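Here the structure is laid out as structure tokens; the discussion comes afterwards.
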Amino acid sequence: MQEFAELIRDVPDFPRPGVMFRDVSPLLADADGFARCIDALAAPWRSSDVQLVGGVEARGFIFGAALAQRLGVGFVPLRKPGKLPPPVRSVAYQLEYGEDRLEIREGVLRPAQRVLLVDDVLATGGTLGAAAELIERAGATLVGAGVVIELTALGGRVRWAERGPLHSLLRY
Ligand code: AMP
Ligand code: MG
């Protein structure tokens with residue numbers, strides 16, 4: 001899967017000093033690379049009976065929507081606070097400084113519906129954990145999660161723990 005690595009741009013000290021930002025824009029702009037990326041994201045789930053893909057705003061929308069199409073299922077956006085009209089279900093999670101929230105439209109998931117989560121980057125795992133909580137609290141079934149990039153030193157996989165299979169295409 002290292003074939004995608006050359007399409008990721010590493011930007012030091014963005015958005016804050018000390019952070020190495022993994023910019024997926026070159027990957028998205030490369031027709032063949034993007035298509036192969038979506039193929040690779042889809043591959044582990046071909047026989048998992050995924051019924052819906054949940055993508056985390058904003059880059060998770062891009063990969064998630066393409067993946068949903070590839071798997072032949074629908075897509076549900078998990079949004080930053082204040083974007084969705086009511087009724088919404090909301091989950092707060094810790095950031096390095098302060099907290100943030102993720103929201104889903106109330107009633108968009110059917111009970112026991114099998115949902116696959118997608119985001120671009122797994123870092124500390126706070127975002128994906130909040131997304132998982134939204135799915136579970138709605139009574140749907142979390143199939144697992146797929147990310148393009150996993151930053152292994154930040155321990156997101158440990159935080160994800162027993163929530164289901166977690167597949168990443170690139171690990172740094
Ligand atoms: P976390 O909640 O710490 O796992 O952070 C994951 C979220 O933050 C993802 O939605 C990413 O879009 C974003 N993110 C965190 N770290 C980076 C990074 N180094 N480069 C690009 N995006 C990142
Ligand atoms: Mg993000």
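In each ligand, atom 1 is the first atom listed, and ligand 1 is the first ligand listed. If you read the sequence from its start, that first residue is 1, and numbering goes on from there. These numbers come from a predicted model, not from an experiment.
Nearest protein neighbour of atom 7 (C) of ligand 1, counting heavy atoms only, is Thr127 OG1, 3.7 Å. Nearest protein neighbour of atom 19 (N) of ligand 1, counting heavy atoms only, is Met20 O, 2.9 Å. Scanning the protein for heavy atoms near atom 20 (N) of ligand 1, the closest one is Arg22 N, 2.9 Å. Atom 3 (O) of ligand 1 has as its closest protein heavy atom Thr124 OG1, 2.5 Å. Taking atom 4 (O) of ligand 1 as the reference point, the nearest protein heavy-atom neighbour is Gly125 N, 2.7 Å. Counting protein heavy atoms only, atom 6 (C) of ligand 1 is closest to Val121 O, 3.4 Å. Ala123 CB, 3.7 Å is the protein heavy atom nearest to atom 15 (C) of ligand 1.
A continuous path of Ile, Leu, Val, Met, Phe, Trp and Tyr side chains, each step under 4.5 Å between heavy atoms, connects Val121 with Leu67, placing both in one hydrophobic cluster.
Residue-ligand proximity: Val56 is placed with every non-hydrogen atom at 4.0 Å or more from ligand 1.
Residue-level proximity to ligand 1 for Arg59 is carried by the side chain, the only part with a heavy atom below 4.0 angstrom. Neither the backbone nor the side chain of Ile149 comes within 4.0 Å of ligand 1, counting heavy atoms alone.
Counted within 6.0 Å of CD on Glu106, heavy atoms from surrounding residues, nucleotides or ligands total more than 12; the atom is thus considered enclosed.
Partners of Arg137 under the salt bridge (charged side-chain N to carboxylate O under 4.0 Å, His left out) rule, at least two apart in sequence or in another chain, are Glu133. A search for side-chain contact (heavy atoms from CB on, under 4.5 Å) contacts involving Val50 returns Trp45, Ser48, Val53, Leu71, Val73, Leu116, Val143, not counting sequence neighbours.
Arg101 approaches Ser90 most closely through the heavy-atom pair CD-OG, 3.2 Å.
Taking 4.5 Å as the limit, some side-chain heavy atom of Leu166 sits within range of a side-chain heavy atom of Leu122. Put simply, the side chain of Gln51 reaches to within 4.5 Å of the side chain of Asp49, judged on heavy atoms.
Residue-ligand proximity, Leu151 to ligand 1, at heavy-atom distances under 4.0 Å covers atoms 19 (N). Interface of Asp120 with ligand 1, defined as ligand atoms under 4.0 Å from a residue heavy atom, comprises 9 (C), 10 (O), 11 (C), 12 (O).
Ion pair Glu103/Arg79 not flagged as a salt bridge, since none of the NZ, NE, NH1 or NH2 atoms sits closer than 4.0 Å to an Asp/Glu carboxylate oxygen.
Looking only at distances, no side-chain donor or acceptor of Thr124 sits under 3.5 Å from a matching main-chain atom of Gly156.
Of the protein's heavy atoms, at least one falls inside 4.0 Å of atom 10 (O) of ligand 1.
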